[in-house]
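Below, chains carry the letters A, B, ... as their sequence lines are ordered, and counting in each starts from 1.
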2 protein chains.
Amino acid sequence: MPYTYEFPRPCLTVDCVVFGLDEQEKLKVMLIKRNLPPYKGEWALPGGFVRMSESLEAAARRELQEETGIENLFLEQLYTFGEVDRDPRDRVVTVAYYALVNLWEHRIYATTDASDAAWFPVSEMPPLAFDHSKIVQMALARLKGKVRYEPIGFELLPKKFTLSQLQKLYETILEKKLDKRNFRKKILSMNLLIKLNEVQTNVAHRAARLYQFDEQKYLQLKEKGFNFEI
Amino acid sequence: MPYTYEFPRPCLTVDCVVFGLDEQEKLKVMLIKRNLPPYKGEWALPGGFVRMSESLEAAARRELQEETGIENLFLEQLYTFGEVDRDPRDRVVTVAYYALVNLWEHRIYATTDASDAAWFPVSEMPPLAFDHSKIVQMALARLKGKVRYEPIGFELLPKKFTLSQLQKLYETILEKKLDKRNFRKKILSMNLLIKLNEVQTNVAHRAARLYQFDEQKYLQLKEKGFNFEI
DNA sequence: TCAAAAGTGTTTTATATACACCCATGT
DNA sequence: ACATGGGTGTATATAAAACACTTTTGA
């Protein structure tokens with residue numbers, strides 16, 4: 001660099017709120033047990049320092065890859081937290097992201113960076129390090145708001161899913177019951193679901209039809225001013 | 001500090017997209033002509049470096065105060081821009097905010113920090129320094145989205161306004177014509193406007209009734225689950 | 001044959017849209 | 001008296017909400 005600016009600089013990190021759905025379609029968040037101070041031994045969001053040679057989103061993806069092994073997941077910037085005392089050691093500003101991961105088709109592992117990783121239901125979160133509880137709260141609010149007018153819920157389901165799975169996903173995130181017939185009427189009327197010639201397997205009752213989200217069609221319709229809405 | 005983290009640190013700045021409405025209810029953005037390199041002599045968003053002792057929002061408010069003299073305005077975080085090469089001199093991450101200012105009741109001045117400040121209609125923006133054009137585009141999109149489901153438009157109007165002014169504000173921001181009777185029906189049915197016993201002055205036609213936004217009532221209703229929507 | 005979830009329409013209610021004329025005021 | 005924007009109501013169309021029974025399948 002030919003020149004640098006003469007100002008004191010805060011540390012800059014990224015933190016990720018990774019959401020996943022378990023088999024019972026409970027919404028969970030991935031946490032990491034810290035093996036370094038501060039807050040050693042406490043649960044925290046996966047994240048780390050931004051390197052000088054990578055963008056913020058690249059830093060978030062790298063940390064997720066390192067700590068969980070997940071690549072190519074839905075990732076979106078949430079908010080930047082910059083209270084002066086949010087880290088007891090130094091001034092640290094963190095750019096928070098939230099991610100959605102399909103737990104049916106991907107496995108998550110804990111790596112050397114982190115002593116332990118685990119999934120916690122959003123209703124049973126342990127106390128978190130730093131201001132991470134606040135970050136999770138904001139991510140939940142964002143997810144709840146966004147899932148209604150962008151088709152991001154599909155990121156949490158397997159590629160092929162049943163309408164009941166999809167409905168339960170919305171019920172979980174929106175925290176309210178939906179009417180089965182009205183839900184199906186609405187989602188099918190958008191013509192964004194491809195009805196497959198396949199059904200569920202290994203269920204102890206009538207097997208449900210499988211569907212797939214038609215992303216191509218959604219992108220086309222969006223161009224023409226279509227708005228997804230549940 | 002007893003300890004600091006050993007990582008290279010990007011510079012951290014804040015930038016503000018300040019929106020105002022002129023007398024014709026045209027939407028404008030405040031720009032500053034840079035008197036220091038890089039991009040010396042070019043137009044840019046007001047902003048500057050975050051100090052170690054202040055939060056991000058405090059930094060944004062301080063810069064606005066210094067560069068425009070405005071205090072107590074609506075200010076909300078927009079997005080954080082962290083591409084590696086967005087500043088030619090050094091790695092600079094910027095937290096962008098957008099602000100809404102009532103130009104009817106406040107004056108804006110340019111100060112010593114900035115050689116010049118001016119308002120530009122959003123449809124006639126000059127080329128901007130750094131990635132500031134992108135930031136303005138995102139702020140416009142945010143404003144357009146948010147004005148429909150949060151009562152933030154009032155921030156751009158004088159405390160006492162006419163329904164026609166309010167309607168024109170929405171037409172300007174949403175970039176589409178609205179039906180007068182339907183608009184009035186909808187906005188009045190929310191019972192969030194206080195009908196004053198006053199009318200416009202100095203107009204060459206029938207003077208319109210003045211209204212005032214009832215923020216107290218809005219906050220109460222919001223608690224109970226009410227959603228503002230235009 | 002029983003349990004468990006899949007699948008399917010119609011009626012009612014609420015909300016959004018379309019639409020045109022008279023009124024009050026200042027020049 | 002005229003130009004300018006202020007102010008008002010109804011009918012239609014569309015979308016949301018409420019609501020219950022039959023079907024299929026595996027255990």
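- In this structure a side-chain-to-backbone donor-acceptor pair under 3.5 Å is present from A/Q77 to B/T80.
- Atom CD of A/Q200 is separated from atom C1' of C/dA4 by 12 Å (rounded to the nearest Å).
- Counting only heavy atoms from C-beta on, A/R184 has its side chain closest to C/dT8 among C/dT8, C/dA18, C/dA16.
- Each of C/dT17, C/dA20, C/dA6 was ranked by its minimum atom distance to the side chain of B/R181; first place goes to C/dA20.
- Note on A/K180: a base of the nucleic acid sits closer than 4.0 angstrom, heavy atoms only.
- Listed candidates were D/dA27, C/dA5, C/dA24. Nearest to the side chain of A/R206 is C/dA5.
- In this structure, A/N182 atom CG and C/dT8 atom C1' are separated by 12 Å, rounded to whole Å.
- Between B/K186 and C/dA16 there is a side-chain polar atom (N or O) within less than 4.0 angstrom of OP1 or OP2.
- If you take CD1 of B/I187 and C1' of C/dT15, they are 16 Å apart, rounded to a whole angstrom.
- In this entry the distance linking CD of B/E198 with P of D/dG6 reads 17 Å, nearest Å.
- Put simply, CD on A/Q165 is 16 Å from C1' on C/dG7, counting in whole angstrom units.
- Across all strands shown, B/K185 has heavy atoms under 4.0 Å from base atoms, whether or not it also approaches the sugar-phosphate.
- A salt bridge does not link B/K134 to B/E83: none of the charged nitrogens lies less than 4.0 Å from a carboxylate oxygen.
- Listed nucleotides: D/dG7, C/dA6, C/dG26. Nearest to the side chain of A/A208: C/dA6.
- The nearest whole Å value for the distance from the CD atom in B/Q167 to the P atom in D/dG6 is 9 Å.
- Nucleic acid contact for B/R209: sugar-phosphate only, since backbone atoms but no base atoms lie under 4.0 Å from a heavy atom of the residue.
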Handout entry: Verdict with supporting geometry, B/M30 and B/L45, side chain to side chain contact (heavy atoms under 4.5 Å, CB included)
Key = CA-CA 7 Å; B/M30 201 194 70; B/L45 294 173; over 6 Å; no

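- Here A/S164 lies in heavy-atom contact (under 4.0 Å) with sugar-phosphate atoms only.
- Nucleotides of DNA chain D nearest to B/A204 and B/L163 differ in position, and the one nearer the 5' end is that of B/A204.
- Among the candidates A/V18, A/L140, A/V122, the single residue satisfying the side chain to side chain contact (heavy atoms under 4.5 Å, CB included) test with A/V29 is A/V122.
- When rounded to the nearest whole Å, the span between CZ of A/F183 and P of C/dG9 equals 18 Å.
- The distance from atom CG of B/D179 to atom P of C/dA20 is 11 Å, rounded to the nearest whole Å.
- B/Q212 places no side-chain N or O within donor-acceptor distance of the main-chain N or O of B/K159, the cut-off being under 3.5 Å.
- The residue among A/E229 and B/K195 whose nearest nucleotide of DNA chain D lies closer to the 5′ end is B/K195.
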